[in-house]
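Below is one structure, written out as structure tokens; the observations come after it.
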4 protein chains.
Amino acid sequence: MKELNTRDKILRAATELFSEKPYHETSVGEIAKRAGVSKGALFHYFPSKYELARQVLLGILDAWLKRLNERLKNLTGDAKIRAVVDALFELITESPKLSRFFLEVYEESLRLGRGADWDEFYGRYLGSVSEILKNAGVANPERKTVLLGALVDGLALHHLLSGGRLFNVEDMKEEVFRILKG
Amino acid sequence: MKELNTRDKILRAATELFSEKPYHETSVGEIAKRAGVSKGALFHYFPSKYELARQVLLGILDAWLKRLNERLKNLTGDAKIRAVVDALFELITESPKLSRFFLEVYEESLRLGRGADWDEFYGRYLGSVSEILKNAGVANPERKTVLLGALVDGLALHHLLSGGRLFNVEDMKEEVFRILKG
Amino acid sequence: MKELNTRDKILRAATELFSEKPYHETSVGEIAKRAGVSKGALFHYFPSKYELARQVLLGILDAWLKRLNERLKNLTGDAKIRAVVDALFELITESPKLSRFFLEVYEESLRLGRGADWDEFYGRYLGSVSEILKNAGVANPERKTVLLGALVDGLALHHLLSGGRLFNVEDMKEEVFRILKG
Amino acid sequence: MKELNTRDKILRAATELFSEKPYHETSVGEIAKRAGVSKGALFHYFPSKYELARQVLLGILDAWLKRLNERLKNLTGDAKIRAVVDALFELITESPKLSRFFLEVYEESLRLGRGADWDEFYGRYLGSVSEILKNAGVANPERKTVLLGALVDGLALHHLLSGGRLFNVEDMKEEVFRILKG
DNA sequence: TATGAATGAGCGTTCATTCAT
DNA sequence: GATGAATGAACGCTCATTCAT
């Protein structure tokens, strides 16, 4: 592990905690403690818990999109589609609570009257994936992207709810691949 | 309107409120006020906020399953499948926050070490729908039921997040129908 | 001392503390502790610190006006004027911080966008005293009431600032009496 | 505008802010930002927020006394008295929050056990004005100065509280002039 | 001289739950 | 059955001040 600066220590601790438990059960004091800094330092870098959570989310998605694009570099056709499906299912298996956290932060933005913060973020996510599917030769890529995104979020939730016992990941990947091809 | 007894007044008020806003932003005081009873009365009938929420969820799903079965009585084949899809999309359009509430209560159960409360509930939901799909001639009904449930939950969340602007409901119904048939 | 109910215990403790030190240096926890109740109980009776302070102020002024009117019952002419002056100077000597508290609560009302709460309160104070002065035969009673109110508030502040060493109360009463007569 | 040095930029920003809102709602961070310097620089020049506020107050009053003396240079008798009244009412109309600020800083000094800081300051203010009134031929100049100071502070506060609707400035000046002459 | 990162105590307020009546 | 008074822990956030650079 390399030495992180304070801001990154806070972001890392927050990312960990928000991946473990709900937004409203994660206190800023807890985040600060896990980061090994004071509450004051946290508020020095982030004006509010909401803004910290938003940065965490942006960080997670940017990292995911970056990794996705790297993976897709030398792939074409079905391999490209399978790579997207793989990447999405990694979200399910590695960050199953991401969908929940996504929703929580979105609701917080509504409560604070910052709903507009969101459109851009949400648009970026859908825009990137839809472009990829289109290039991979998927028919109706916009509609399929919406369907795919919803399906992945839903599967993540149910995976979470069932403790992973609800479905076999490889089987489900195959189903999703067929949907994209069909 | 018929006169409801105290317990039912509380359940109705809680159902309304949990359909409007998150579990953690709905206080028991608010539920009691909406029901027109005292907080004491609420705790007389329900040992905790969690248990009340669980009863609300059971009530919602039982009512939905009951309505679904009534609808399916005289239908066969594709009409049956379409009726299931219609019923699921009504959850999305009429109770878009149900998925979120579902998730919240589940997490509360984990926090309280009552995760076991859930298996039965979740199993009942999937069991019913899987049976219906099987009777309607859907191939691989168990796996398709899981996929369908996840997809509907995911669409509900995204419908909520996008303020309904993300997809056209009828188009998406058609996609889902094709998935079930494929 | 008779046994007070919880609400009155809170009001009494708050009145004491707000008379001792500034609004912003008096915490609700401190008020609750002095009253011998929990913070929760305080918020059970008063929706906010501001509203509690407002009730304290209303209580102080109502009590003062009541005592004033009782005193004036059987007096006429100059005796009436002297009684008003006496009552006002009692505010200075017994509750020298009242003016400061008055201002603090007023500013809080502005901050909370509740400025309207105030007009009624302020009007009641001026209305009562102006009516009394008019009946006592003072010329230009409205203008004199304003002047008198300002003078008393100012004297209270300076009395406070100087630790009581700035002026002799009886001498100053005489000056004020002359102003009202002039 | 001439270029100010850092210390004066801080003093100017603090003077502005303390004239706009209460001492306890004005943070040192806000002062530093308005001055365009760092918090560190602020604490380099002033050992505490309290000491900065005290310097602000001294600056305001010194400037006021200086302007007053300039104005009075070639005046005698009633014109002198009227000039003093004019200058005092300018405090009310142009810096209505000065009295409040005065009080706040005084209380802060008490809290910090620096009450002695104050006697000198307060004495200088009263001393100057009393000397002027005496030279203008006012009877009982010390007592009248106390009364005048209190009246002006009180009027400033009520002017503030009423949003300027409580009294007509010119009418009130006339009243005050009569009091000084009487 | 000047910076701004970092501290940590303190604030007003919310809330599920208990219990005497 | 039903009330609502009372609890107390927890929360997000602010702030004057210190200090290494």
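So you know, we letter chains A, B, ... as the sequences are listed, proteins then strands, and number each from 1. All values derive from a computational prediction rather than experimental measurement.
Atoms NZ (A:K33) and P (E:dG8) sit 12 Å apart, rounded to a whole Å. Residue C:D8 contributes atom CG, which lies 16 Å from atom C1' of F:dA6 at whole-angstrom precision. Whole-Å rounding puts the C:R111 CZ to E:dC11 C1' distance at 11 Å. In this structure, D:K9 places its NZ atom 11 Å from C1' of E:dA2, rounding to the nearest Å. Atom pair B:K21:NZ and E:dT14:C1' shows a separation of 12 Å (rounding to whole Å applied). Nucleotide F:dA16 holds its C1' atom 16 Å from the CG atom of D:L17, rounded to whole Å. Taking atom CD1 on A:I10 and atom P on F:dC13, their separation rounds to 14 Å, with Å as the unit. Rounded to a whole Å, the CD atom of C:E51 is 15 Å from the C1' atom of E:dT13.
Distances shown here put every side-chain N or O of A:Y45 at or beyond 4.0 Å from the OP1 or OP2 atom of E:dG4. When the side-chain nitrogen and oxygen atoms of D:T6 are compared with OP1 and OP2 of E:dT1, none of them lie within a distance under 4.0 Å.
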Practice task
Spell out protein contact along nucleotides 15-21 of chain E as letters: B when the base is contacted, S when just the sugar-phosphate is, - when no protein heavy atom is under 4.0 Å; keep the 5' to 3' order.
Solution key: -BBB---

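Once rounded to the nearest 0.5 Å, the distance linking OH of B:Y23 with NE2 of A:H24 reads 13.5 Å.
For the pair B:L58 and B:R124, the minimum side-chain heavy-atom distance is below 4.5 Å. The shortest side-chain heavy-atom distance between A:D153 and A:L98 does not fall under the 4.5 Å cut-off. Inter-residue side-chain proximity for B:V28 and B:L52 is flagged as unmet; no heavy-atom pair is nearer than 4.5 Å.
Under the Watson-Crick or G-U wobble criterion, with both distances below 3.5 Å, E:dA20 is paired with F:dT3. Using N1 to N3 plus N6-O4 or O6-N4 for Watson-Crick, or N1-O2 and O6-N3 for G-U wobble, each under 3.5 Å, E:dG12 pairs with F:dC11.
In this structure, of F:dG8, F:dA5, F:dT3, it is F:dT3 that holds the atom nearest to the side chain of B:A41. Of the candidates F:dA2, E:dA2, E:dA5, F:dA2 carries the atom nearest the B:H44 side chain, counting heavy atoms from C-beta on.
C:E51 and C:R54 are joined by a salt bridge, as a carboxylate oxygen and a charged side-chain nitrogen come within less than 4.0 angstrom of each other. Using a 4.0 Å cut-off between charged side-chain N and carboxylate O, C:K49 and C:E108 make no salt bridge.
The minimum heavy-atom distance linking B:A13 with B:R34 is given by the pair CB-CG, 3.5 Å.
As judged by a 4.0 angstrom heavy-atom cut-off over every strand, B:F46 is placed among residues making no nucleic acid contact.
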